[in-house]
Amino acid sequence: MDTRTSERRDLIERLQGIARDLRIADIEMLAEAGSGHPGGTLSAADMIAALYFYKLRHRPREPLWADRDRFVLSKGHCIPIVYAAMAEAGFFPAEVLKTLRRLGSPLQGHPDRTRLPGIEASTGSLGQGLSVAVGMALAGKLDGAGWRVYCMVGDGEIQEGQIWEAAMFAPRHRLDNLCVILDANQVQQTAKVVDILDEDPLVAKWRAFNWHVREIEGHDMAQIVDALDEAEQVTGRPTFIVSHTVKGKGVSWMELDPEWHGKAPDQEQARRALAELRGEG
Amino acid sequence: VATATRDAFADALVRLGSDQRIVVLTGDLRDSTRTEKFLERYPDRFFDVGIAEHNMLGIAAGLALSGKIPWACSFSAFVTGRFDVVRVSVAYQEANVRIVGTHAGVGVGEDGYSQMSLEDMASMRALPNMAVLNPSDAISTEGAVEYLVDHRGPAFLRLTRQKVDDVHGDDFRFEFGKAVRIRDGSDVVLIATGATVAEAVKAAESLGGEGVSARVLDVHTVKPLDEEAVLAAASECRAVITVEDHSIHGGLGSAVAEVLSARGGTAPLRIIGMREFGESGTSEELYRKFGLDAEGIAATARDLLKAVG
């Protein structure tokens with residue numbers, strides 16, 4: 001095994017460990033808060049770990065650093081997993097996670113950029129964050145800047161018409177500094193996505209809109225890292241990563257169950273979830 | 001001279017356009033919003049997003065959060081009508097977006113109600129940090145545009161399709177949040193905004209001929225409202241009339257009523273504005289029909305003064 005291969009293997013293992021830690025922090029946070037959206041945070045955990053601990057160029061102690069990469073969580077209800085990553089990266093002390101959703105907390109139920117430095121966009125009304133990310137990417141192009149923009153959308157969220165307005169705009173303006181990740185976790189608030197609005201063929205749709213499209217198994221860290229690396233090499237068009245995931249991933253009895261879209265675990269459920277995430281029988 | 005304030009806006013923006021922070025967006029309305037003038041001079045900072053106003057507002061927010069000063073331009077009905085994007089992506093984010101809505105009110109004329117924004121000041125005023133500017137003529141529009149370049153926070157600029165007579169002279173200086181006393185008087189104060197200011201001035205002139213002394217205030221900044229000017233007028237005049245080409249709910253009249261009731265104003269108040277949907281017709285016909293023209297304003301003033309005694 002050459003050095004690069006072993007470095008890659010170490011990176012993947014490190015990111016897998018971080019993703020597990022983020023899931024643990026996420027469940028602890030939601031149980032403490034008593035409300036929130038576990039399903040879509042758990043499905044996004046691996047990608048968020050790869051973004052915050054591998055791909056994004058950021059300075060946690062200097063959150064407004066001009067040359068930072070921007071990350072917009074368009075599916076804003078899943079922000080706790082990002083808070084967990086930000087705490088782990090050093091944007092703020094881990095104790096702050098316990099204030100999630102409390103009066104006066106910078107950790108609002110949905111992200112608020114004015115209350116928490118490091119949050120790039122206030123989202124929560126689904127379908128809006130992608131346009132904001134497109135605007136940032138456009139500004140980067142106007143300035144000839146080197147920073148890139150990443151945006152995560154949900155598979156329920158892309159039912160919003162505004163998503164498709166942005167989908168038409170970004171390739172037209174050759175925004176190759178934009179990488180969008182679809183957390184295709186298969187389940188929306190009340191039912192499976194396929195049972196509400198069948199979105200297939202997803203890849204064909206985004207390709208037809210002239211995006212560079214890559215499809216991955218979204219809990220396979222090696223595939224995540226490869227896809228994020230590939231996006232940086234694409235020129236002349238934005239990248240769309242279809243990340244096939246499982247809503248509630250990591251807690252077996254939450255997986256693919258709409259029940260766990262918007263309900264926090266109680267103390268006993270959290271204990272069981274944490275035991276499973278920690279691999280304790 | 002009569003000028004459509006949308007023209008004055010675009011001319012001012014072109015004059016200020018060498019500022020690299022300025023980016024102009026429109027949704028297939030470069031002609032109607034007059035922003036094609038900016039496109040001619042600064043094509044690299046002009047984007048036609050297509051008929052997609054939600055996306056236009058979101059892109060504007062993203063540009064603003066990256067240091068640009070974006071002007072998102074469309075008919076007011078279509079840009080403020082995308083309220084959810086304005087409230088979350090623009091206002092809640094404290095994004096320095098300038099929302100420019102042309103075709104304000106029934107002054108739009110023949111196109112009819114769907115193109116007439118009669119609720120925009122109400123909805124924009126409800127957002128905590130949104131400034132609302134509704135200038136009355138070419139000169140005050142230029143002043144507003146110049147001011148807005150460096151304003152901190154989101155702002156809504158409301159403009160007319162139709163030409164409006166100049167009410168300000170060359171010595172006019174735009175002061176954000178300050179009402180302008182165009183004419184002094186002590187029997188009644190006509191507090192007007194936008195295209196109705198010129199009508200209020202004409203109404204005051206005809207009232208003057210009848211021995212009624214009418215003050216005229218131009219409220220080019222509807223939010224924040226110049227509360228002191230309103231209170232002073234209400235204490236120095238016997239009656240207060242507000243005039244707007246907008247719904248009587250939530251606009252200038254409401255803002256004035258809020259101030260008077262909260263701060264002890266006792267003069268009787270009449271709110272002139274729209275109580276129903278608009279319709280097709282010339283803007284002159286519509287102003288007459290809905291009592292927004294000089295004659296309608298003067299008639300309301302006579303009525304009110306008679307009631308006051």
Side-chain angles (χ1 to χ4, degrees), chain A residues 64 66-72 74 76 108 110-117 119-145 147-151 153 160-175 177-178, chain B residues 17 19-28 42-72 74 78-79 81-99 127-129 152-154:
Chain A
L64 298 180
D67 293 327
R68 71 193 183 279
D69 290 332
R70 275 70 166 167
F71 173 66
V72 173
S74 195
Q108 293 287 293
H110 292 72
D112 180 348
R113 61 172 293 279
T114 69
R115 291 175 197 248
L116 185 62
I119 291 291
E120 298 289 352
S122 307
T123 56
S125 182
L126 293 175
Q128 295 190 23
L130 178 55
S131 297
V132 176
V134 167
M136 292 173 176
L138 190 61
K141 284 287 181 190
L142 282 170
D143 289 343
W147 47 265
R148 294 174 55 78
V149 183
Y150 295 84
C151 176
V153 296
E160 289 278 4
Q162 191 182 341
I163 290 287
W164 300 94
E165 296 182 0
M168 282 186 270
F169 183 94
R172 163 73 180 74
H173 292 276
R174 303 171 60 85
L175 300 181
N177 54 348
L178 174 66
Chain B
D19 186 331
Q20 295 292 316
R21 298 172 301 168
I22 293 177
V23 178
V24 175
L25 306 163
T26 188
D28 195 27
Y42 302 103
D44 296 346
R45 282 183 281 120
F46 174 89
F47 296 93
D48 192 328
V49 304
I51 306 169
E53 295 83 8
H54 291 100
N55 191 41
M56 173 171 72
L57 286 160
I59 289 173
L63 286 164
L65 298 185
S66 311
K68 302 297 177 191
I69 301 167
W71 302 68
S74 183
F78 310 145
V79 69
R82 307 306 184 249
F83 185 65
D84 186 24
V85 188
V86 176
R87 67 183 283 277
V88 176
S89 289
V90 176
Y92 188 49
Q93 297 212 89
E94 303 271 11
N96 275 329
V97 174
R98 282 76 186 95
I99 297 168
L127 296 165
N129 55 356
R152 282 181 63 90

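Protein chains get the first letters and strands the later ones, always in sequence-line order, with residue 1 at the start of each.
- Looking at A/A166, the atoms closer than 4.5 Å to chain B (heavy atoms on both sides) sit in the backbone and in the side chain alike.
- For B/Q20, no part sits under 4.5 Å from any heavy atom of chain A, backbone or side chain.
- Options B/I59, B/L57, B/D84, B/I51 differ in how many heavy-atom pairs under 4.5 Å they form with chain A, and the most are formed by B/I59.
- Residue B/V88 comes nearest to A/S125 through the heavy atom pair CG2-CB, 4.0 Å, listed as atom of the first residue, atom of the second, then distance.
- Applying the ring-ring contact (aromatic ring centres under 6.0 Å, His included) test to B/Y42 and every residue at least two apart in sequence or in another chain returns B/F38.
- The minimum heavy-atom distance between A/D143 and B/S66, with the atom names listed, is OD2-O, 4.5 Å.
- At a threshold of 4.5 Å between non-hydrogen side-chain atoms, the residues B/Y92 and A/R113 do not count as touching.
- If you take CD on A/Q128 and OG on B/S89, they are separated by 3.5 Å, rounding to the nearest 0.5 Å.
- For the atom pair A/L142 CG and B/K68 NZ, the distance stands at 5.5 Å (nearest 0.5 Å).
- Listed options A/V134, A/L138, A/T123, A/T114 were ranked by heavy-atom pairs under 4.5 angstrom with chain B; first place goes to A/L138.
- Between chain B and the residues A/Q162, A/H173, A/H110, the most heavy-atom pairs under 4.5 angstrom are made by A/Q162.
- Counting heavy-atom pairs under 4.5 Å between each of A/A66, A/A139, A/S122 and chain B puts A/S122 at the top.
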ask   = Are B/Q93 and A/D112 close enough, and set up right, to give a side chain to side chain donor-acceptor pair (under 3.5 Å), and what steps lead you there?
value = CA-CA 7 Å; B/Q93 297 212 89; A/D112 180 348; over 6 Å; no

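- No side-chain heavy atom of B/L65 sits under 4.5 Å from any side-chain heavy atom of A/E120.
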